[in-house]
Amino acid sequence: MVPESLERYSRQMRFPPLGEAGQRKLVQSKVALCGCGALGTVLANHLARAGVGRLRIIDRDFIETHNLQRQILFDEDDVAQNLPKAEAAARKLRAINSEIEIEAVVTDIDHTNILELVGDADLILDGTDNFETRYLINDAAVKLGKPWIYGGVIGSEGQTMTIIPGKTPCLRCLIETAPPPGMTPTCETAGVLGPAVAVIASFEAVEAVKVLAGAWDALNVNLIMVDVWDWTFRQLKIAGLLGKVDCPCCKQRVFEWLEGGQGSHTTTLCGRNAVQVAVRREQALDFAELAGRIEGFAAVRHNAFMLRFAVEGHEFTVFPDGRAIIKGTNDIVKARTLYSQFIGS
Amino acid sequence: MPLVRIPTPLRPHSGGLDKVEVAGSTVQELFDQLGAAYPALRERLFDGAELRRFVNVYVNDEDIRYLDDLATPVAPTDEVSIIPAVAGG
């Protein structure tokens, strides 16, 4: 679908490296956006305004008031209406640009559905908040030979890298295994600044425009790190990792996450209003460290066998093997969301 | 002396310091010194003698995996950075 007039994009078409030729490619492109929280809303906003022709927004979550500090497409009315993030974002974006196609998909991305969700896209964008989904995206992107752009933010700092399978290192070349749950801070435990997210998502959006417009020579080949609080900007050279590390994904082409051999397994505990989230871990959770991150906002206690805290009406009981029972919900998707928010994955 | 930059999530294990000057001429020697001063930090970085697989180390802006891994030489003016995976978003 090419709009009759590209006039609305005139200001970016006057930017010579993009031009009208680049704009025509944008309006004919299709992007799959995985996750529509803080990174995702900034990404979707940029890409819809820039005229990316078809945008599929995939998210499993609903909007809560504490999202509004940084998730720029949402407002208080969306919270009052209990709207899913993907749907609320799609409504806003259609009002911003009625000439593009926007599809909202409210689902939990997993190994059974990801190929279908991203299979027809020219580019996959990372707006997620957990490594489980990112490794799944990485497997799917490498298997399908599609570019994808990683972004992650915590506190005042963030990272981004652009992944072109076969030409650049993939996420598993950079980080062979995900940090075990409970080992790294999350936005829920360590906090996050809206502008830090906006900076990283904006870098991702520029890279997306370059990929879609075919400006391959202008792409970022480094791991970009930004800290908006202490004014640091670094470009770490990672290109040399391609082929140097024996990457299970892009070198051996073993897609462990896509095959369902990795990741969490979730079970509803019948009649208990609780869900068990089990994550494969190689080493025992460090309860003292996890407790240290949680005690800033919730009372937490632990012994050698379990750690327990309650937050936002949900009681978490976490075991050393990474398994958690989350009370206060029968909803598997909600439980997986809470796990990645408060324990991390 | 070379400088080791400690990322935010690990600062509780380095006495709150964001950078530490450490004597040594290889990454291994630096981390041996650092680990002796901050055993909890060593625990976060190493699994036995090996770096944990989600911990990346850079000398200046170069990943040690395409240099000489832990044997990568470090000059007195070099900076060694521990780069954590960033999950949020």
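Numbered from 1 within each chain, the chains take letters A, B, ... in sequence-line order. What you see below is based on every heavy atom in this structure, not just the backbone, and it leaves out hydrogens, waters and symmetry mates.
Using a 4.5 Å heavy-atom threshold, the side chains of A:K237 and B:Y58 count as separate. Using a 4.5 Å cut-off on side-chain heavy atoms (C-beta onward), A:L223 and B:I83 make contact.
Neither the backbone nor the side chain of A:C36 comes within contact range of chain B; no heavy atoms are under 4.5 Å apart. The contact between A:T128 and chain B is made entirely by backbone atoms, counting heavy-atom distances below 4.5 Å. The part of B:N56 that comes within reach of chain A is its side chain, from C-beta onward, which places non-hydrogen atoms under 4.5 angstrom from that chain. Heavy-atom distances place no part of A:V192 under 4.5 Å from chain B, backbone and side chain included. Looking at A:N222, neither its backbone nor its side chain comes within 4.5 Å of chain B, counting heavy atoms on both sides. With a threshold of 4.5 angstrom between heavy atoms, A:R70 does not approach chain B through any atom at all. In this structure, the portion of A:K244 lying under 4.5 Å from any heavy atom of chain B is its side chain and not its backbone. Using a 4.5 Å cut-off between heavy atoms, A:Q71 makes no contact with chain B at all. Contacts between A:A178 and chain B at a heavy-atom distance below 4.5 Å involve the backbone alone (N, CA, C, O). When heavy atoms are compared at a cutoff of 4.5 Å, A:I200 does not approach chain B at all.
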Would B:E62 and A:L236 satisfy side-chain contact (heavy atoms from CB on, under 4.5 Å), going step by step from the backbone distance to the final call? CA-CA 6 Å; B:E62 310 273 351; A:L236 299 176; over 6 Å; no

side-chain contact (heavy atoms from CB on, under 4.5 Å) between A:R234 and B:S81: does it pass, once the steps are laid out? CA-CA 11 Å; A:R234 295 188 67 186; B:S81 304; 2.7 Å; yes

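For the atom pair B:D18 CG and A:D230 CG, the distance stands at 8.0 Å (nearest 0.5 Å). Atoms CD1 and CZ, from A:I175 and B:R53 in turn, are 13.0 Å apart once rounded to the nearest 0.5 Å. To the nearest 0.5 angstrom, B:R5 atom CZ is 8.0 Å from A:T232 atom OG1.
Among all heavy-atom pairs drawn from B:R65 and A:L174, the shortest one is NH2-O, 2.9 Å. What you find for A:C187 and B:G89 is that their closest heavy atoms are SG-N, 3.6 Å. In plain terms, the two heavy atoms of B:A85 and A:F131 that are nearest each other are CB-CZ, 3.5 Å.
Put simply, the side chain of A:R134 gets close to the backbone of B:A87: a donor and an acceptor are under 3.5 Å apart.
A:E312 CD: more than 12 foreign heavy atoms inside a 6.0 Å radius.
At a heavy-atom cut-off of under 4.5 Å, chain B is reached by A:Y150, A:G151, A:G152, A:V153, A:I154, A:E157, A:Q159 from residues 150-160 of chain A, listed in order of number.
The residue among A:P179, A:A38, A:G35 with the most heavy atom pairs within less than 4.5 Å of chain B is A:P179.
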